[in-house]
2 protein chains.
Amino acid sequence: MYPELQIDRQLCFRLYTASRLVTGAYTPMLTALGITYPQYLVLLVLWEKDRQPVGEIARRLLLETNTITPLLQRMEKQGLLSRTRGESDRRQQIVALTDKGRALQEQALTTVPRGLGLKLSACPLGAEDYRQLAEGLDQIIATLSQQ
Amino acid sequence: MYPELQIDRQLCFRLYTASRLVTGAYTPMLTALGITYPQYLVLLVLWEKDRQPVGEIARRLLLETNTITPLLQRMEKQGLLSRTRGESDRRQQIVALTDKGRALQEQALTTVPRGLGLKLSACPLGAEDYRQLAEGLDQIIATLSQQ
DNA sequence: GCAGATTGTATCGCTTGCGATATAAAATAA
DNA sequence: TTATTTTATATCGCAAGCGATACAATCTGC
């Protein structure tokens with residue numbers, strides 16, 4: 001009746017669902033490592049560059065501190081990272097990996113990408129399709145993140 | 001160092017972020033209607049076809065009942081819908097729109113698509129790009145939802 | 001130096017998502 | 001029929017997300 005409101009035509013619902021399903025596809029591998037998906041994202045950021053203030057991580061993941069702070073607190077409690085006040089700026093909390101947090105990288109490397117590839121192996125998309133998909137998503141992200 | 005773990009190459013992070021940002025783009029219009037994004041999805045399903053059991057709505061949205069049930073309970077409390085036991089099968093809860101829930105469709109129609117279009121107007125993607133994007137997401141959803 | 005604005009992070013309250021488990025009605029087996 | 005299994009929904013607990021607000025450290029203007 002109202003094509004504007006037909007759910008199957010909505011990009012939003014596809015994004016929402018694909019995001020949930022892909023996150024869910026990561027879950028078994030991440031559970032084996034004792035972490036959640038958002039925690040994995042934080043680790044990805046820290047594995048690239050250790051010792052970053054909370055705000056840097058938040059900017060990288062496009063999340064607010066009211067999401068990041070409790071996330072980091074839980075990860076600290078699990079012994080994955082430490083938080084210490086910045087020396088030049090005492091307002092900053094510098095987040096650093098612990099040995100345990102660093103060690104997870106090797107395990108993740110050997111299990112996570114392989115596990116996800118396996119689950120998506122039945123997907124008929126090719127490398128070029130994924131590239132285009134990523135490009136489109138980047139455009140949407142760029143547009144909406146600077147408003 | 002490990003290209004497999006570089007966050008920018010990960011499709012998952014893009015999906016996760018794009019989904020959050022697009023949902024966030026809906027929020028102002030939906031807040032004006034007094035609903036949240038998942039509640040909007042439930043309404044979209046009911047606007048298409050009123051009087052559906054909980055399980056049907058769950059299948060349509062690819063959500064579990066442990067997500068849907070509390071969501072419907074909150075919506076019932078807000079007077080957007082009613083839940084009554086099925087007559088042929090007393091286990092089923094038949095979800096039906098109230099007048100208030102039905103009335104929201106007109107308002108949504110005049111504000112939501114327009115509002116979102118406005119926010120995405122700065123996005124350089126064309127109609128064909130959106131079509132391809134939707135197609136790729138559908139492939140991923142189809143692959144992961146039947147495993 | 002100091003009052004006011006800004007910045008970096010934290011807290012609170014609420015709604016999702018989801019794994020695990022529970023419960024009651026219906027279907028099936030015996 | 002009665003016991004067993006399956007199905008439809010609900011409950012519980014916990015981790016995100018996020019709007020609103022708080023708070024302390026730093027910066028700015030004077």
Side-chain angles (χ1 to χ4, degrees), chain A residues 13 15-28 30-32 34-42 52-78 80 83-95 144-145, chain B residues 12-13 15-28 30-32 34-42 52-59 61-78 80 83-95 144-145:
Chain A
F13 176 64
L15 280 172
Y16 164 82
T17 303
S19 173
R20 279 193 312 106
L21 291 176
V22 171
T23 300
Y26 276 84
T27 301
L30 298 181
T31 300
I35 57 178
T36 65
Y37 181 71
Q39 292 175 3
Y40 179 61
L41 292 182
V42 170
Q52 298 191 53
V54 171
E56 273 301 308
I57 302 175
R59 262 185 296 281
R60 197 85 170 73
L61 299 180
L62 298 178
L63 288 168
E64 303 295 317
T65 65
N66 53 3
T67 298
I68 285 282
T69 295
L71 184 52
L72 294 175
Q73 287 170 340
R74 285 186 288 268
M75 293 178 76
E76 186 179 32
K77 208 173 288 179
Q78 294 176 54
L80 296 171
R83 298 183 308 147
T84 46
R85 287 281 159 197
E87 296 192 354
S88 58
D89 187 339
R90 309 284 305 159
R91 289 172 303 183
Q92 290 187 332
Q93 285 274 24
I94 307 296
V95 182
L144 294 180
S145 67
Chain B
C12 70
F13 175 64
L15 279 172
Y16 164 82
T17 304
S19 173
R20 279 194 312 107
L21 291 177
V22 171
T23 299
Y26 276 83
T27 300
L30 297 182
T31 300
I35 58 177
T36 65
Y37 181 71
Q39 292 175 1
Y40 179 61
L41 292 183
V42 170
Q52 298 190 53
V54 171
E56 273 302 308
I57 301 175
R59 262 186 296 281
L61 300 179
L62 296 178
L63 287 169
E64 303 294 318
T65 64
N66 54 3
T67 298
I68 286 282
T69 295
L71 183 54
L72 294 175
Q73 287 170 342
R74 283 185 289 268
M75 294 177 76
E76 186 179 32
K77 208 173 287 178
Q78 292 176 54
L80 297 172
R83 298 184 308 147
T84 46
R85 287 282 159 195
E87 296 191 354
S88 59
D89 186 338
R90 310 283 306 160
R91 289 171 303 182
Q92 290 187 334
Q93 285 274 25
I94 307 297
V95 181
L144 294 179
S145 66

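The sequence lines fix the lettering, A, B, ..., with proteins before strands; numbering per chain opens at 1.
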**Q** For A:Glu87 and A:Arg74, take the nucleotide of DNA chain D holding the closest heavy atom to each; which residue's nucleotide lies nearer the 5' end?
**A** A:Arg74
**Q** Roughly, in whole Å, what's the span from CG in A:Leu72 to P in D:dA15?
**A** 14 Å
**Q** Just N and O in the side chain of B:Gln93: are any of them under 4.0 Å from OP1 or OP2 of D:dA8?
**A** no
**Q** Figure out the CZ/P separation between A:Arg85 and D:dA25, and round it to whole Å.
**A** 8 Å
**Q** Below 4.0 angstrom from OP1 or OP2 of C:dG17, is there any side-chain N or O of A:Tyr37?
**A** no
**Q** Does the side chain of A:Gln92 get closer than 4.0 angstrom to OP1 or OP2 of D:dA25 through an N or O atom?
**A** no
**Q** Tell me the closest heavy-atom pair linking B:Leu62 and A:Leu21, and the distance in Å.
**A** CD1-CD1, 4.3 Å
**Q** Calculate the interatomic distance between A:Met75 atom CE and D:dC14 atom P; express it in whole Å.
**A**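 Atom CE in A:Met75 sits about 19 Å away from atom P in D:dC14.
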**Q** Can you find a pair of side-chain heavy atoms, one from A:Val54 and one from A:Gln92, that are under 4.5 Å apart?
**A** no
**Q** Decide yes or no on side-chain contact (heavy atoms from CB on, under 4.5 Å) for A:Leu61 and B:Phe13, but give the supporting numbers first.
**A** CA-CA 8 Å; A:Leu61 299 180; B:Phe13 175 64; 3.7 Å; yes
**Q** In this structure, how many angstroms lie between the P atom of D:dG19 and the CG atom of B:Leu30, rounded?
**A** 13 Å
**Q** Tell me whether the side-chain N/O atoms of A:Gln73 come closer than 4.0 Å to OP1 or OP2 in C:dT9.
**A**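 No, because none of the side-chain N or O atoms of A:Gln73 sits under 4.0 Å from OP1 or OP2 of C:dT9.
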**Q** In this structure, how many angstroms lie between the P atom of D:dG17 and the CG atom of B:Leu15, rounded?
**A**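 These atoms are roughly 14 Å apart.
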**Q** Roughly how many Å is it from CZ in A:Arg59 to C1' in C:dT7, rounded to a whole number?
**A** 10 Å
**Q** Over how many whole Å does the gap from B:Leu61 atom CG to C:dT16 atom P extend?
**A** 12 Å
**Q** For nucleotides 18-25 of chain C, read 5' to 3', which letter fits each nucleotide if B means a protein heavy atom sits under 4.0 Å from the base, S means only the sugar-phosphate is that close, and - means neither?
**A** BBB----B
**Q** Is B:Gln93 close to B:Thr69 at the side-chain level, that is, under 4.5 Å between some pair of heavy atoms?
**A**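 No. Closest side-chain heavy atoms not under 4.5 Å.
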**Q** Are there more than 12 heavy atoms of other residues, nucleotides or ligands under 6.0 Å from atom CD of B:Gln73?
**A** yes
**Q** State which of C:dT9, C:dT15, D:dT9 makes the closest approach to the side chain of B:Gln39.
**A** C:dT15
**Q** Is the shortest side-chain N/O distance from A:Tyr16 to OP1 or OP2 of C:dT16 below 4.0 Å?
**A**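 Indeed not, no polar side-chain atom of A:Tyr16 lies that close.
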**Q** If you look at every strand shown and take non-hydrogen atoms under 4.0 Å, does A:Arg83 touch a base, only sugar-phosphate, or nothing?
**A** sugar-phosphate
**Q** With respect to the phosphate group of C:dG17, does any side-chain polar atom (N or O) of A:Thr23 fall under 4.0 Å of OP1 or OP2?
**A** no
**Q** From the set C:dA10, D:dG17, C:dT16, return the single nucleotide nearest to any side-chain atom of B:Pro38.
**A** C:dT16
**Q** Would you find a donor on one side and an acceptor on the other, under 3.5 Å apart, between the side chain of B:Arg85 and the backbone of B:Ile94?
**A**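 No; zero donor-acceptor contacts below 3.5 Å.
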**Q** What heavy-atom pair brings A:Arg90 and A:Glu87 nearest, and what distance separates the two atoms?
**A** CD-O, 4.1 Å
**Q** With a 4.5 Å cut-off on side-chain heavy atoms, are A:Met75 and A:Val95 touching?
**A** no
**Q** If you check the B:Thr65 side chain, which of C:dG17, D:dT9, D:dA16 turns out closest?
**A** D:dT9
**Q** Provide, to the nearest angstrom, the distance between the CD atom belonging to A:Gln78 and the P atom belonging to D:dA16.
**A** 8 Å
**Q** Identify whether any heavy atom of B:Leu71 sits under 4.0 Å from a base atom; if not, whether one sits that close to sugar-phosphate; answer base, sugar-phosphate or nothing.
**A**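 Sugar-phosphate contact only - B:Leu71 comes under 4.0 Å of backbone atoms but never of a base.
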